[in-house]
K.L.:
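Pasting a structure below so you can have a look.
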Number of protein chains: 4
Amino acid sequence: MSPRRRDAEGTTSARAERRAELLAAAAQVFAERGYTATTVREVADAAGILGGSLYYHFDSKESMVEEILSTFLDDMWAGFDRILAAGLGARETLEALVAESFRCIDVYRPAVVIYQKESRYLAATWERFGYLAESWRRHQEMWLGLIERGIAEGEFRADLDPALIYRFIRDAVWVAASWYQPGEKLPAEEVGTQYLSIVLEGIQATT
Amino acid sequence: MSPRRRDAEGTTSARAERRAELLAAAAQVFAERGYTATTVREVADAAGILGGSLYYHFDSKESMVEEILSTFLDDMWAGFDRILAAGLGARETLEALVAESFRCIDVYRPAVVIYQKESRYLAATWERFGYLAESWRRHQEMWLGLIERGIAEGEFRADLDPALIYRFIRDAVWVAASWYQPGEKLPAEEVGTQYLSIVLEGIQATT
Amino acid sequence: MSPRRRDAEGTTSARAERRAELLAAAAQVFAERGYTATTVREVADAAGILGGSLYYHFDSKESMVEEILSTFLDDMWAGFDRILAAGLGARETLEALVAESFRCIDVYRPAVVIYQKESRYLAATWERFGYLAESWRRHQEMWLGLIERGIAEGEFRADLDPALIYRFIRDAVWVAASWYQPGEKLPAEEVGTQYLSIVLEGIQATT
Amino acid sequence: MSPRRRDAEGTTSARAERRAELLAAAAQVFAERGYTATTVREVADAAGILGGSLYYHFDSKESMVEEILSTFLDDMWAGFDRILAAGLGARETLEALVAESFRCIDVYRPAVVIYQKESRYLAATWERFGYLAESWRRHQEMWLGLIERGIAEGEFRADLDPALIYRFIRDAVWVAASWYQPGEKLPAEEVGTQYLSIVLEGIQATT
DNA sequence: AATGAATGAGGATTCATTCAT
DNA sequence: CATGAATGAATCCTCATTCAT
C-alpha cells in the first residue's frame, strides 16, 4: 500500500486496462458494422483516439479481433467444461449450458456476435484463426453428445434428427446476441429462462 | 415470329439468363465470404470472367446485391402475403409461414444468408437499401401480430413474452440458411417440418 | 505472319514488354535514391502512371526489386559460369571476368548498384532475398579460388593477402557502377580495359 | 575546484559522453541497415533506451546523422589538409592520403559507410546536407590534382585516364569500410599498406 | 460481350516526433 | 533523464470502377 507499490501496480494494470478499454470499443464497432466493413479509423474514433495510436497497443486490426475472440472463448469454454464435468443429467446439463450461454451473451455480447458472423470468414482467410473452426467443432460435439444422450435416456424426443436439434438450439440461443441490447426490457437471465422453457417443451419426450 | 423478332427475344432472354447466372455466382460468394469482404474480382472468378466484364452487365457491386436481395424478397413477401390473406387460424398460419420460409431457404439460400448477415450494414450505409429495414419491420409486425393472436385465441402459451417468441422463431428458422447446404441429408421441407414440430411443442398452450 | 498470329504474339510479349519498361523505370529510381527511400509513387511517376497501377503488374515493391535483381544475377552468373568452364589460365580468366563484369555494368547498371547497396539490407529483412547472400558467397568463392590459383601458379603476387586482393578487385570493379553514367566519356568496355590494366599491374608477380 | 564547478563540468562532460555513446550506437545501426531503413526505435533499442528518449539529446533523426557525419568529415579533412600542406612529392602524398583514409576507416568505420552510401540521398533531400556534395567535390579535386601532378612528374602512368584513376583509388579505398570489421584478421593499417602496394604497382610508371 | 490496362479514392500500417509525468 | 502514450503525415497496398480495343 506504499505509494511506490501502488505506482508499480498501477503502471502494470494501467496498460492492461487501456487495452481492455480499446478492445471493448473495437468489439462494439466490429459487432455493429462487421469486421471487414469497419475501418481502423472507426475503431479509433469510437475509442476517442487517432487511427495510428491503436498501433501502439496492438499489432494489427487482425490481432484486435483475435484478442476479443480468444478472451471470450477461453471464458466460455471454461464455463462449459465446468458444467460438463459436473456429472449432471442430460436435462440439467442442457439447462446449465443454456444459462451459461446467456451469461456469455450478457458479458461478451459484441464478441459473441463477431464469433457468429465472422468465424467462417476469419478461419478461411487466416491460419491464425483456425482455432475458431476448432471451437465450432467442439461446440457441435458437445451439443450432439448431450442430445443423443438425452434421447437415449428417454428425456428428449426420439422422432427428431439430433443434428437438427443441435443446430436449432445453437442458433436459437446464440443468435439472441444479435438482437439483445444492454437496455433490453428483459434481463439476459430471464431471456435465457424463457428460451430454455420453449426449447425444453419443444424437445422433451412426452410421457 | 419474324427472324428479327426471334432474335430480339433470343437476345433479351439470353441477356437475362446471363445476368441470372452471374447473380447466382455473386450470391454464392457474397453469402460465403460476406459482402464487404468479397471483391468484385472474386465474383468474376466464380463466374469465369474478368473483373471489368461484370460492368457490362451491372452498374456496380451494390446493384448486384440489390438485385439478389430484391428478387428474393419480392418472392418471399408474395408468398407471405398469400398466406396471410388466406384467413387461416393462428396455428395453421404459423405452419404455413414456416413452410414458406423453408421454401425460400431452399430456393434462395445465398440470398437469405445475405439478407440476414448484411441487412443492417447495407441499410445503415446506403439509402437505397432502406427497404431492407422496412422488410424486417414487416417481418416483426407479421410474426408479432400472429403470436399475439395465437395467445389471445388460447393456442399459444401466455407465459412467454411475445416479442421473445417472435425472435426465437425468426432466428431459429432463418439462421438455418446459414448451415443448410445443397447436399444436406434432410430435404429442406423435412427440416422445416421438424423445426415446426419443435416450435409448436415449445410454444403451444398445454391443455 | 498472319495478323492473328501476330496478335497472339503481340499480346503475349506486350505484357512482358510493359513489365520490362516498368522495371527499368523502377531500377533507375531505386538505384538513384535507394530502395527504402524510394516511394512507390516515385516509381510510378518515373513510369508515367499512377501509384496503384503498378500493382496490376507486380505484387509489391518487394517483388519489383526481386525481379530486377534476379534478372541481372541470372545473366551475370551464366556469363561467369561460361568463363569458369572455359579452362583458361588464371590471368586470362581474370581478364574475362572483369570484362564480363563491365558488360553487366553496361547492361544492368541500376541493378548492379542496387545489388551492391541493398543486398545486405534485403537479405537481412526478408527471407526471399536469401539468394543474395548466396550470390555474394559464390562471388567470394570464385574470386578467391582464382586468386589463390594465380598465386600458386606464380602469376599473381604472393606477398598479398588473397582475401584482400579479392575484395580489392571486387570493390574496385563493381563500385564503378555507382558512378558510371550512360553518357560517360569512356565506353564501359574501355573503362574495363583500363581498370584491368591497373589491377593486373598491381597484382601480378614481377619477373 | 568548488563543488559547484566540478558539478557543472561533470554534468557537461557526462552529457557529451552520453551523446557520443548514443551517436556511436546510431552510427552502427545506420551503417548496417541504411539510414532510411533504420527506425528511431532501432537506434534507441541499440542504445538501450526508448524511442522518445532520444529526443532529449537530439533534435531529430536527421541531426543525428548530421553530427555523425560532420564529426568524421571534420577530422578527415583536417588530416588531408595537413598532408596536402606538407609539400611532399606526388607519390609520398598519395601514400599519406591512403594511410590517412585507412586511419579514418579504423576510427570512424560506421560514419565512413554512411558517408558512402547515403551522401547522395541526403544531399538530394535536404539542403542542410549540401556540405556532403561539397566534400565529394573537394575529394575529387584533391585526388585529381594529385594524379595529374604525378603523371606530369612522370611518377604515374600516362596511359590511363586520370579521372578513372581517381575513381579507382577512391572506390577501392573507401569501400573497404563496408567490409572491414572490428575483429578483422589484418589491422586497418596493414590493409592500407597492402592496398597502397597494389595501387602503386598498378599506377606507377614503369621505368 | 469480354479483355486488360489504368485510375484514384480509401484503407491498414509505419514511424518520426511530441509531451505530460 | 527516461518513459510511454499519443499524434498525424506519409507509405504501401487494395479494389471498385472506367474505357479503349
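When reading the values below, keep in mind they use all heavy atoms of this one structure, side chains included, and skip hydrogens, waters and symmetry mates. Letters A, B, ... mirror the listed sequences (proteins, then strands); counts begin at 1. On a predicted model such as this, the values are computed, not experimentally measured, just so you know.
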K.L.:
Separation of Lys61(B) atom NZ from dT18(F) atom P, in whole Å?
P.N.:
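Whole-Å distance recorded here is 15 Å.
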K.L.:
How many whole angstroms separate atom CG of Asp59(A) from atom P of dC15(E)?
P.N.:
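Whole-Å distance recorded here is 13 Å.
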K.L.:
Hey, are Arg33(A) and Glu42(A) close enough for a salt bridge, meaning a charged N less than 4.0 Å from a carboxylate O?
P.N.:
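Yes, this pair counts.
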K.L.:
Taking any heavy-atom pair under 4.0 Å as a contact, classify Thr38(D): base, sugar-phosphate, or nothing.
P.N.:
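Sugar-phosphate contact only - Thr38(D) comes under 4.0 Å of backbone atoms but never of a base.
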K.L.:
Would you say dA6(F) has OP1 or OP2 under 4.0 Å from some side-chain N or O of His57(A)?
P.N.:
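Yes, because at least one side-chain N or O of His57(A) sits under 4.0 Å from OP1 or OP2 of dA6(F).
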K.L.:
Could you go through the side chain to side chain donor-acceptor pair (under 3.5 Å) check for Tyr131(A) and Ser70(A) one step at a time?
P.N.:
CA-CA 9 Å; Tyr131(A) 71 92; Ser70(A) 61; 4.6 Å; no
K.L.:
Tell me which of Leu22(A) and Ser60(C) sits closer to the 5' end of DNA chain F, going by the nucleotide each one is nearest to.
P.N.:
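First, find each residue's nearest nucleotide; the 5'-ward one identifies Leu22(A).
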K.L.:
Quickly work out the Tyr56(C) OH to dG8(E) C1' distance and round it to whole Å.
P.N.:
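Nearest whole value for this atom pair: 17 Å.
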K.L.:
With heavy atoms under 4.0 Å as the rule, sort Thr36(D) into base, sugar-phosphate or nothing.
P.N.:
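Answer is nothing: Thr36(D) stays at 4.0 Å or more from every strand.
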K.L.:
Provide the Watson-Crick or G-U wobble partner of dA1(E), both distances under 3.5 Å; none if there is no partner.
P.N.:
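Pairing partner: none.
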K.L.:
To the nearest Å, how far apart are Ile49(A) CD1 and dT13(E) C1'?
P.N.:
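That distance rounds to 14 Å.
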K.L.:
Nearest-nucleotide wise, let me know which of Gly51(C) and Tyr35(A) is further upstream toward the 5' end of DNA chain E.
P.N.:
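The residue closer to the strand's 5' end, by nearest nucleotide, is Gly51(C).
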K.L.:
For Ser53(A), answer base if it contacts any base atom (sugar-phosphate contacts may also be present), sugar-phosphate if it contacts only those atoms, and nothing otherwise; contact means non-hydrogen atoms under 4.0 Å.
P.N.:
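Here Ser53(A) touches the bases of the nucleic acid.
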K.L.:
Let me know the distance between CH2 of Trp126(B) and C1' of dA16(F), rounded to the nearest Å.
P.N.:
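These atoms are roughly 11 Å apart.
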K.L.:
Can you measure Tyr55(C) atom OH to dT7(E) atom C1' for me and round it to whole angstrom units?
P.N.:
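It is 15 Å, rounded to the nearest whole Å.
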K.L.:
How about Arg19(C): does its CZ atom have over 12 heavy atoms from other parts shown lying under 6.0 Å from it?
P.N.:
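Check passes, neighbour count above 12.
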K.L.:
To the side chain of Thr39(C), which of dC12(F), dA12(E), dA16(F) is closest?
P.N.:
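That would be dC12(F).
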K.L.:
Decide, yes or no, whether a salt bridge links Arg128(D) with Glu62(D) under the criterion of side-chain N to carboxylate O below 4.0 Å.
P.N.:
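Salt bridge present between Arg128(D) and Glu62(D).
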K.L.:
Where does the angle between the aromatic ring planes of Tyr121(D) and Tyr35(D) fall among parallel (under 30°), tilted (30 to 60°) and perpendicular (over 60°)?
P.N.:
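Because their plane-to-plane angle lies in the 30° to 60° range, the rings of Tyr121(D) and Tyr35(D) count as tilted.
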K.L.:
Any side-chain N or O of Arg15(A) below 4.0 angstrom from OP1/OP2 of dA5(F)?
P.N.:
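Yes, Arg15(A) has a side-chain N/O under 4.0 Å of OP1/OP2 on dA5(F).
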K.L.:
With both distances kept under 3.5 Å, what pairs with dC19(E), Watson-Crick or G-U wobble?
P.N.:
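Here dC19(E) is engaged in a pair, and the nucleotide opposite it is dG4(F).
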K.L.:
Grab the CZ-C1' distance between Arg18(C) and dA6(E) for me, whole Å please.
P.N.:
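My rounded result for the distance is 9 Å.
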K.L.:
Taking CE from Met64(A) and C1' from dT13(E), how many angstroms apart are they, rounded to a whole number?
P.N.:
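So the two atoms are 10 Å apart, to the nearest Å.
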K.L.:
Heavy atoms from C-beta onward define the side chain here; which of dT3(E), dC12(F), dA16(E) lies closest to that of Leu50(B)?
P.N.:
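Out of dT3(E), dC12(F), dA16(E), the nucleotide with an atom closest to Leu50(B)'s side chain is dT3(E).
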K.L.:
Relative to the 5' end of DNA chain F, which residue comes earlier, Gly48(A) or Gly48(D), by the nucleotide with the nearest heavy atom?
P.N.:
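Its nearest nucleotide being more 5', the pick is Gly48(D).
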